[in-house]
Amino acid sequence: MASEDQVKLLLIRPSPFAMSCALALNHKGVKFEVVEENLRSKSELLLQTNPVYKQVPVLHHNGRSISQSLVILEYIQEAWPDPSLLPQTPYERALARFWADYINKKFLETGLKLMKRFGEEHETARKDIVQQFETLEKGMIGDGPFFLGSRMSLADVALVPLVPWMASFEALGDLKFPDAQQCGRMHRWLAAMRENPNVIASVPDSDWLLNSTINVRQYISEHHPGGLLEGGV
Amino acid sequence: MDKVKVLSKWVSMFGMRVPIALEEKGVKYEYQEEDLAPNKSDLLLQMNSVYKKIPVLIHNGQPICESLIILQYIDEAWDYKQLLPINPYDRALARFWADFIDKKFFDSGFRIVWSKDKVEEGKRDMLENLQFLEGALKEMSAGGSLPFFGGKDFGFLDIAFIPFACWFHIYETIGNFKIPFDSEYPLLDAWVKRCMERDSVKKVLPSPDRALEHILQLRERYMVG
């Protein structure tokens with residue numbers, strides 16, 4: 001790709017999906033501009049370039065925009081192919097996609113429910129998130145430390161939000177994820193991700209996120225007592 | 001010698017995508033019809049232990065799950081006559097709209113068929129979602145001058161959406177409304193008729209009446225009150 005590439009990522013800092021997009025770009029060594037959005041007052045740029053969902057993250061590349069985080073991740077993989085975030089064989093690529101999809105639509109969705117929902121839905125989310133953590137443990141392949149083996153793939157990129165969010169999930173859900181004895185592979189994954197420089201550059205500080213998350217939940221309980229269904233705050 | 005097996009349900013719009021893609025690629029496969037719980041086969045439960053759902057593609061003993069992921073797998077494992085476009089942006093558009101179909105469009109239909117109190121909002125959302133898809137088709141077919149979502153060629157997004165063609169009759173009957181294809185979605189209307197002439201689609205899609213009868217029976221059995 002030309003060194004004249006203009007790449008912008010519209011996001012809010014706590015967004016798990018934005019963290020994944022940032023990691024994919026950093027992994028590929030792509031320089032990009034971060035545009036922070038205020039979801040209570042969405043910018044014209046956001047509304048124009050994501051008219052269907054009006055959500056972050058949105059990736060802008062040389063005037064074109066792409067939204068929906070897994071679509072963005074596949075685009076990043078294809079627009080900047082090296083270093084690759086997908087294995088070589090069709091079967092392993094399908095595995096990477098399967099787990100990225102599971103992480104997005106199950107695990108991270110449950111995590112967001114821990115933040116945004118109350119009552120019975122919150123109770124269900126507390127139980128689900130631990131079960132899903134265990135499903136991920138069983139899904140990981142070989143010795144790792146990454147999801148599919150020795151190299152990072154879309155599955156790891158999708159799961160990167162767990163690195164800063166883990167403390168928040170535990171606080172919000174008043175729970176403890178299984179420890180290294182019970183889920184050794186997940187904890188080895190966490191350790192490897194925590195020391196990866198591209199990961200460090202792509203996620204906010206865990207304490208900052210915990211504070212932000214608590215504030216958001218407080219805001220929701222005051223302004224949307226039934227819990228928030230869609231969108232961010 | 002490739003061994004290809006498909007676990008699916010004849011009436012599932014997600015299930016239909018897989019044999020259509022295999023037919024388009026000229027790949028020989030064995031088809032196994034699956035029942036609902038508690039009669040799901042051991043093979044299904046083993047091959048898709050995470051979701052326990054169809055469709056599943058089993059290729060030389062290895063399972064691939066989730067219909068859109070299966071389509072991409074089929075495109076890569078049999079890499080001639082590509083289903084996805086060539087350049088990254090067009091591929092992103094195709095994936096975006098396929099995801100929209102799975103999240104938004106399917107959900108609006110689901111509310112019409114399976115909810116009691118969300119039918120009207122399901123209908124409203126479906127009409128809005130069809131508006132988006134009409135717009136997408138217009139963009140991707142160069143204003144209607146090309147025949148498919150894939151442009152010149154029947155591709156990934158066409159395969160993702162065409163199974164819904166036999167479900168419109170179900171939505172209209174249960175929702176008690178007519179989807180204004182002629183006046184509001186003329187490109188989609190022409191696209192459906194065009195796709196229905198393809199051998200792969202003719203072979204795989206059930207008749208709308210047969211699908212309706214089956215879904216009405218299921219509703220009778222499973223919906224309370």
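Note that this is a predicted model, so its numbers are computed, not measured. Each chain gets a letter, A, B and so on, in the order the sequences are listed, and its residues count up from 1.
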Undergrad: Does a side-chain heavy-atom distance below 4.5 Å link Asp99(B) with Leu70(A)?
TA: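 In short, these two side chains do not touch, never coming nearer than 4.5 Å.
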
Undergrad: Within residues 137-151 of chain A, which positions have a heavy-atom distance to chain B below 4.5 Å?
TA: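 From residues 137-151 of chain A, none sit under 4.5 Å of chain B.
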
Undergrad: Please look at Ser67(A) and chain B and tell me whether the side chain, the backbone, both or neither of the residue comes under 4.5 angstrom of a heavy atom of that chain.
TA: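 Both parts, heavy atoms under 4.5 Å.
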
Undergrad: If you draw a 6.0 Å radius around CD in Gln6(A), do more than 12 non-hydrogen atoms from other residues or ligands fall strictly inside?
TA: no

Undergrad: Could you tell me which portion of Arg93(A) (side chain, backbone, both or neither) has an atom closer than 4.5 angstrom to a non-hydrogen atom of chain B?
TA: side chain

Undergrad: Is the closest side-chain heavy-atom distance between Gln72(B) and Glu74(A) below 4.5 Å?
TA: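 Yes, close enough: below the 4.5 Å cut-off.
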
Undergrad: Closest approach of Ile69(B) and Ala94(A), non-hydrogen atoms and distance?
TA: CG2-O, 3.8 Å

Undergrad: Looking at Lys106(A), Gln77(A), Arg64(A), Gln68(A), which makes the most heavy-atom pairs under 4.5 Å with chain B?
TA: Arg64(A)

Undergrad: What's the shortest heavy-atom distance between Glu66(B) and Asp101(A), and which atoms?
TA: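 For Glu66(B) versus Asp101(A), the nearest heavy atoms are OE1-OD2, 3.6 Å.
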
Undergrad: Using heavy-atom distances under 4.5 Å, tell me whether Arg91(B) contacts chain A through its side chain, its backbone, both, or neither.
TA: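 Looking at Arg91(B), just its side chain touches chain A.
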
Undergrad: Would you mind telling me which of Tyr102(A), Tyr91(A), Phe98(A) has the largest number of heavy-atom pairs within less than 4.5 Å of chain B?
TA: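 The answer is Tyr91(A).
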
Undergrad: Side chain from CB out, backbone as N, CA, C, O: work out which of these in Phe132(B) comes under 4.5 Å of a heavy atom of chain A, or both, or neither.
TA: side chain

Undergrad: If I measure from the heavy atoms of chain B, does Ser69(A) come under 4.5 Å with its side chain, its backbone, both, or neither?
TA: neither

Undergrad: Considering only NZ, NE, NH1 and NH2 on the basic side and carboxylate oxygens on the acidic side, decide whether Lys103(B) and Glu109(A) come within less than 4.0 Å.
TA: no

Undergrad: By ring pair (Phe, Tyr, Trp, His ring centres under 6.0 Å), which residues pair with Trp97(B), not counting sequence neighbours?
TA: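 Ring pair (Phe, Tyr, Trp, His ring centres under 6.0 Å) list for Trp97(B), sorted by chain: Phe100(B).
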
Undergrad: Answer yes or no: does atom NZ of Lys53(B) have more than 12 heavy-atom neighbours from other residues, nucleotides or ligands under 6.0 Å?
TA: no

Undergrad: When you compare the side chain of Tyr53(A) with that of Lys104(B), does any pair of heavy atoms fall below 4.5 Å?
TA: yes

